[in-house]
Amino acid sequence: MTTGISLVRENAESMQPPRTLWVSFPLGRPLGKPDDAAFQHRVIDAALKLLRAPSGPVLADFPEDAPPAGLNDAPACPVSFSKPTEDNDSWNAALRAELQTLVPWHDLGKRRRAGRSLVGVSGYSMTENIEKLGTLLDNETLPIAELKWFKSAIEDAKVFYLEALTAQPGRYNQEQLERLFWHETALGTAILKFNKMFTAHAELSYMSRIIVPRTVLT
Amino acid sequence: MVRLIDLPKYEREHLMSKVQPPLGPMVWTHLNREIAELRIALITTAGLHFRDAPGFEFIDSTFRPISGSEDADNLVMSHSSVNFDKVGFTEDVNLVFPIDRFRELEADGKIGSLAEIHYSFMGAGLNPEAYVTSASQVAGLLKQDKVDAVFLTPV
């Protein structure tokens, strides 16, 4: 038998799994709030109780909204990002310089999380990935033969930035982090440039949709 | 929060495009004992795997086993979608894969036991029918592990 969580009520309504607890939390947060065991237990208990239902399908609503993801008055980012200008810096140099400003913060965050980091899916170091991404942009080239590496390198880099930014004083909420990353960092600008290059490619335009969120493109 | 009415039109339309009819006649299994006696496995569609396991492809209907005895802090995520928050998972694996919470339930005697192996799929880019083969394989593996109930989490 199964029980579980749904983040989109309409999907559970239509597919009718035997037992589903709908939660009103943001996508990516099915248990509601990180590092809040009591809240997570309330979600789990509500879903496990559905196992006792005499008949189904059962679609129950969890009565609580998730607590806020961060402070609303988060400070401006203390790290000044410098995007490459048209004629001065190369992408390679700009991305490497930006990475260096974030390394100490990433190290700090990693120590706070007892060494935990999600970076590393690509199998290459951040420096290797950043230099290669920068060189591709400097040459205005797409990594056509290395799409899997490209996607994982971008994900690694984004996670590295987010892990570094969340280690800085003050707390950014999710919206602030997204805005900071996509509008104030050289890496965000670089990925948007890749997005445009992929969009213009006749056979690889689908790649543009899996490197930049819809919220940024609309 | 994910109330469709609160989302931008493009996001609402995308999520509504995932609305599908039931996969077939509903299978219903009655609970014939206490939850405190059940052996439970976790299954996530978050594209999780241990760092040294192969990552998921852009679209991928395979699954990855997640040993219950390994440190879940070594899990990474190679989900192909960029349209959900990954920051929370960087802070706490239990936000997506509540393994520590279930270990606490087991220790407190609120569930019978935890499965030896849990499972991870990557839910993006494919319709449910594409997962029939791998889901059937996992069902067989769960039976071998004498699992009574599965706790499903999306991302």
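The structure presented is a predicted model; accordingly, all values stated were derived computationally and were not measured. So you know, we letter chains A, B, ... as the sequences are listed, proteins then strands, and number each from 1.
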Asker: For B/Phe56, is it the side chain, the backbone, both, or neither that has a heavy atom closer than 4.5 Å to a heavy atom of chain A?
Answerer: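 For B/Phe56, the contact with chain A is made by the backbone alone.
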Asker: Go through the steps for B/Arg101 and A/Asp45 under the test side-chain contact (heavy atoms from CB on, under 4.5 Å), then give the verdict.
Answerer: CA-CA 10 Å; B/Arg101 300 293 84 80; A/Asp45 287 349; over 6 Å; no
Asker: As an exercise: rank B/Asn74, B/Asp85, B/Asp71, B/Leu31 by heavy-atom pairs under 4.5 Å with chain A and give me the winner.
Answerer: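 Most pairs with chain A among the choices: B/Asp85.
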Asker: Do A/Val216 and B/Val82 have side-chain heavy atoms sitting under 4.5 Å apart?
Answerer: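 No, side chains not in contact.
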Asker: Between A/Arg116 and B/Phe89, is NZ or CZ placed under 6.0 angstrom from the six-membered ring centre and within 45° of the ring axis?
Answerer: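 Verdict for B/Phe89: a cation-pi partner in A/Arg116.
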Asker: Run A/Lys148 and B/Glu57 through side-chain contact (heavy atoms from CB on, under 4.5 Å) and show every step you take.
Answerer: CA-CA 7 Å; A/Lys148 188 173 181 187; B/Glu57 303 288 338; 3.0 Å; yes
Asker: Do A/Asn11 and B/Gln20 meet the criterion of a side-chain donor-acceptor pair at a distance under 3.5 Å?
Answerer: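 The answer is no; no qualifying pair exists.
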Asker: Given heavy-atom pairs under 4.5 angstrom as the criterion, report whether the side chain, backbone, both or neither of B/Asp148 touches chain A.
Answerer: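 B/Asp148 touches chain A through backbone heavy atoms alone.
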Asker: Do B/Phe84 and A/Leu7 have side-chain heavy atoms sitting under 4.5 Å apart?
Answerer: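 Contact flag for B/Phe84/A/Leu7 side chains = no.
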Asker: For a quick test of reading the model, state the closest non-hydrogen atom pair linking B/Leu95 to A/Gly28 and the distance between them.
Answerer: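 In terms of heavy atoms, the two residues are closest at CD2-O, 4.1 Å.
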Asker: What's the verdict on side-chain contact (heavy atoms from CB on, under 4.5 Å) for B/Met77 and A/Glu155, showing C-alpha distance, side-chain angles and the deciding distance?
Answerer: CA-CA 9 Å; B/Met77 181 187 281; A/Glu155 290 304 311; over 6 Å; no
Asker: Pick one of side chain, backbone, both or neither for B/Phe151, based on which atoms fall under 4.5 Å of a heavy atom in chain A.
Answerer: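 Contact with chain A is through both the backbone and side chain of B/Phe151.
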Asker: Measure from the side-chain N and O atoms of B/Asp92 to the backbone N and O of A/Asp35, and report whether any donor-acceptor pair falls under 3.5 Å.
Answerer: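 Between the backbone of A/Asp35 and the side chain of B/Asp92 there is a qualifying donor-acceptor contact (under 3.5 Å).
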Asker: Is it the backbone or the side chain of B/Pro154 that comes under 4.5 Å from a heavy atom of chain A, or both, or neither?
Answerer: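 Both backbone and side chain.
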Asker: Measuring from atom CG of A/Asp156 to atom OG of B/Ser78, what distance do you get when rounded to the nearest 0.5 angstrom?
Answerer: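 So the gap between those two atoms works out to 10.0 Å.
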Asker: Donor-acceptor check, side chain of B/Asn83 to backbone of A/Arg214, threshold 3.5 angstrom: yes or no?
Answerer: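 It does hold such a pair.
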Asker: How many angstroms lie between atom CZ of A/Arg9 and atom CG of B/Leu15, to the nearest 0.5 angstrom?
Answerer: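 Reported value, rounded in 0.5 Å steps: 15.0 Å.
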Asker: Testing the basics here: between B/Pro22 and A/Ser14, what is the closest heavy-atom pair and its distance to 0.1 Å?
Answerer: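 Smallest heavy-atom distance, with atoms named: CD-O, 3.3 Å.
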Asker: State whether the side chain of A/Lys151 and the backbone N or O of B/Phe58 hold a donor-acceptor pair below 3.5 Å, judged by distance alone.
Answerer: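 No, A/Lys151 side chain to B/Phe58 backbone: no donor-acceptor pair under 3.5 Å.
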Asker: Just so I know, are the side chains of B/Pro21 and A/Met15 near enough to count as touching, which here means a heavy-atom distance under 4.5 Å?
Answerer: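 B/Pro21 does not reach A/Met15 side chain to side chain.
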Asker: Counting C-beta onward and ignoring hydrogens, is there a side-chain heavy-atom pair between A/Ile44 and B/Leu105 closer than 4.5 Å?
Answerer: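 Heavy-atom side-chain distance check passes, below 4.5 Å.
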Asker: What is the distance from atom CD1 of B/Ile59 to atom OH of A/Tyr206, rounded to the nearest 0.5 Å?
Answerer: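 Going from CD1 on B/Ile59 over to OH on A/Tyr206, the span is 9.0 Å.
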Asker: Is any side-chain heavy atom of B/Val96 less than 4.5 Å from a side-chain heavy atom of A/Leu31?
Answerer: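 Counting from C-beta outward, B/Val96 and A/Leu31 never come under 4.5 Å.
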Asker: Between B/Glu91 and A/Arg113, does any side-chain N to carboxylate O distance fall below 4.0 Å?
Answerer: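 No salt bridge links B/Glu91 with A/Arg113.
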Asker: Step by step, work out the side-chain contact (heavy atoms from CB on, under 4.5 Å) result for B/Val87 and A/Leu165.
Answerer: CA-CA 10 Å; B/Val87 176; A/Leu165 291 169; over 6 Å; no
Asker: Mind checking which of residues 32-49 of chain B sit less than 4.5 Å from chain A, heavy atom to heavy atom?
Answerer: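 Answer by number: B/Ile35, B/Leu38, B/Ile40.
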Asker: Could you look at B/Val93 and say if it's the side chain, the backbone, both or neither that has a heavy atom under 4.5 Å from chain A?
Answerer: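 Contact with chain A: backbone and side chain both.
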Asker: Look up atom NZ in B/Lys86 and atom CD in A/Gln174, then write down how far apart they are to the nearest 0.5 Å.
Answerer: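 Between B/Lys86 NZ and A/Gln174 CD, I get 11.0 Å after rounding to 0.5 Å.
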Asker: Side chains of A/His41 and B/Phe102: closer than 4.5 Å at any heavy-atom pair?
Answerer: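 Heavy-atom side-chain distance check fails, nothing below 4.5 Å.
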Asker: Around atom CG of A/Leu108, are there more than 12 heavy atoms from other residues, nucleotides or ligands closer than 6.0 Å?
Answerer: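 Correct, the count exceeds 12.
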